[in-house]
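Written out below as structure tokens is the structure these notes cover.
Just so it is clear: chains get the letters A, B, ... in the order the sequence lines come, proteins before strands, and each one is counted from 1.
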Amino acid sequence: MADLTVCVGNIPFANPVIAASGTFGFGREMRNFQNLGRIGGICSKGLTLLPRDGNPAPRVAETASGMLNSVGLQNPGFTSFLANELPFMIDLGCRIIVNIAGNDPEEYLEMCRRLDATSVDAIELNLSCPNVKEGCMLIGSNPEMIEKLVAAARQVTKKPLWAKLTPNVTSIADMARAAESGGADAVVLINTLLGIAIDRKLRRPILRNNIGGLSGPAIKPIALRMVAETYRAVSIPIVGVGGIMSGNDVLEFMIAGATAVEVGTANLIKPTACQDIIDEIRAIMELDGVSEVGQYTGTLELWNG
Amino acid sequence: MRTIEFNCPIIDHESINGQTVVLTLEAPAIAQIAYPGQFVNLTSNQFLRRPIGIMNADPARGSIQLGIRIAGEGTRFLAKRKKGDILSLLGPLGRGFNLEGARRVITVGGGTGVFPLYFVQKVCQARDLEGIAVCGYRSLGDSFLTDQYKALTCQTLFASEEGDDMDFSGHAVAALDDLLAKLPLVPETRILTCGPEKMMASVAALADEYGISCQVSLEERMACGIGVCLVCACKIKRGDEQGAEYQRCCTEGPVFNAEVVEWQI
């Protein structure tokens, strides 16, 4: 029987498949489609200290093998989340990771402090949302700011801290090193890539926000390259994200160096994606004769010369 | 656990004109619970699913019908599917029209908006409600579903913007205005509308003028259709305070009471 368990830092997961932030809500809608207790974990919709309306529509544009979104972190606010959503999530029976996005460092710290007293399994510091003007990606594009923020968060919570990184930088490995130096328990990569979709007749961007974040299979090769580079740069675990649609995709990310993965856009096409992918991983492991899924991690052998 | 993803075979394919088809799909579970104003999100050859309003549901036969107008590659692919082909459907999705307490139901459809409103008039017939269907088309040649509407018990008023040989020469909104001016009002009348946003906003304003309650079926670019991705944001007035908030077209909508909609036109 294939063993799908993995450990990200010191937290064990039943399998390496985690639902990515912003593609799974707080789990309420998705439980109509699958037993959420079977998936590795769920990462909450990105939360800000105060409620956020998000960006005007259109917020989505279809692209070749993917989509652009500019939701803009619409969320009910951190206080409402703690009262109305977190208790529900905790009861789902899988690992719960809370994704937080601050307008400034103090907002991140305030949310970390308040999460410390809850039973969430990890905090994902969203250093990469491309759709808001403040905080977030600004911090995530600057290694000094990343290190400082992660170190400050480390002081206010004992929860595992995962730093979710943006690919919209020259060297994501540098950002991952900064997060590691600050004391992050894991790095999560990649968030969406900035893009634009154009309506030729209107000569306008399709998205009302002009730009948006590209996700889906279109970005998988970029994400794999970044995971592989980062694996050689840090010794903390990597959670791989970017266009995963199948069990085979998950194992490619693990070979590149990921300990676990997040599945995002696939959930929007197929609400049972996470569950199906877990089944596929199990089947592939049987074929490969691999007994523990962790045996794939970091086994990529680059060509020499 | 409520599973709402289905692989459904096409059991009938009717080409209405070069641009429009009606697909009949075997979808017993959806047919059983679907009500007017709801939609299904179906796979095509493109990356995202395509949300399509349900035109008709027949629980006895276990089938649903979808009216599809070719607007791009995805709908072109769907329109070209043949009998026996299987499509993946999620549904029924969304909050549809509320017919509770209605005595007379006036539907006002523009273009493909006449498809989901056909389902409304069919339910009105089954419930013995007085129905009036206003259907607006660009021209007679561009019209569709007129025979199906005529076969129902509802009164029909077909409007052609180009003024050719239909019941009313002009826009559907003008046809509605004309109708309301002549019609003795009865209490518990509802106006339900589906079509271009500009048309629906005008219908809502007219309904307000006549003091008739109005429901509108909004459209927004969508991805998941099940309420997790938050891309299909509709601006809806807050009930208790000033201002508006974004609600999900796929979940809180697509049908909203007209008075809460903050029109974007």
Under a 4.5 Å heavy-atom cutoff, which of [options] has the most pairs with chain B?
options: A:Thr23, A:Val60, A:Asn267; answer: A:Val60
options: A:Arg59, A:Met67, A:Met30, A:Gln74; answer: A:Arg59
options: A:Ala218, A:Gly25, A:Gly22, A:Pro56; answer: A:Pro56

Worksheet item: In terms of heavy-atom pairs under 4.5 Å with chain A, which of B:Gly74, B:Ala233, B:Gly225 leads?
Response: B:Ala233
Worksheet entry | Top of B:Cys232, B:Cys234, B:Ala244, B:Cys229 for chain A proximity - count of heavy-atom pairs under 4.5 angstrom | B:Cys229
Worksheet item: Just checking, B:Arg69 and B:Phe115: is the charged tip under 6.0 Å from the six-membered ring centre and within 45° of the axis?
Response: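 Because its charged atom misses either the 6.0 Å distance or the 45° angle limit, B:Arg69 does not stack over B:Phe115.
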Fill in: Geometric cation-pi criterion, B:Arg81 with B:Phe77: 6.0 Å, 45°
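Yes, a cation-pi geometry.
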Fill in: By side-chain hydrogen bond (donor to acceptor under 3.5 Å, both in side chains) - contacts of B:Glu26 (at least two apart)
none
Fill in: Interface moiety of B:Gln46 toward chain A, non-hydrogen atoms closer than 4.5 Å
both
Item to complete: Could you grab the distance from atom OG of A:Ser128 to atom CG of A:Asn99, nearest 0.5 Å is fine?
Response: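 The OG atom of A:Ser128 sits 7.5 Å away from the CG atom of A:Asn99.
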Worksheet item: Any donor-acceptor pair under 3.5 Å linking the side chain of B:Asp142 with the backbone of B:Ser139?
Response: no
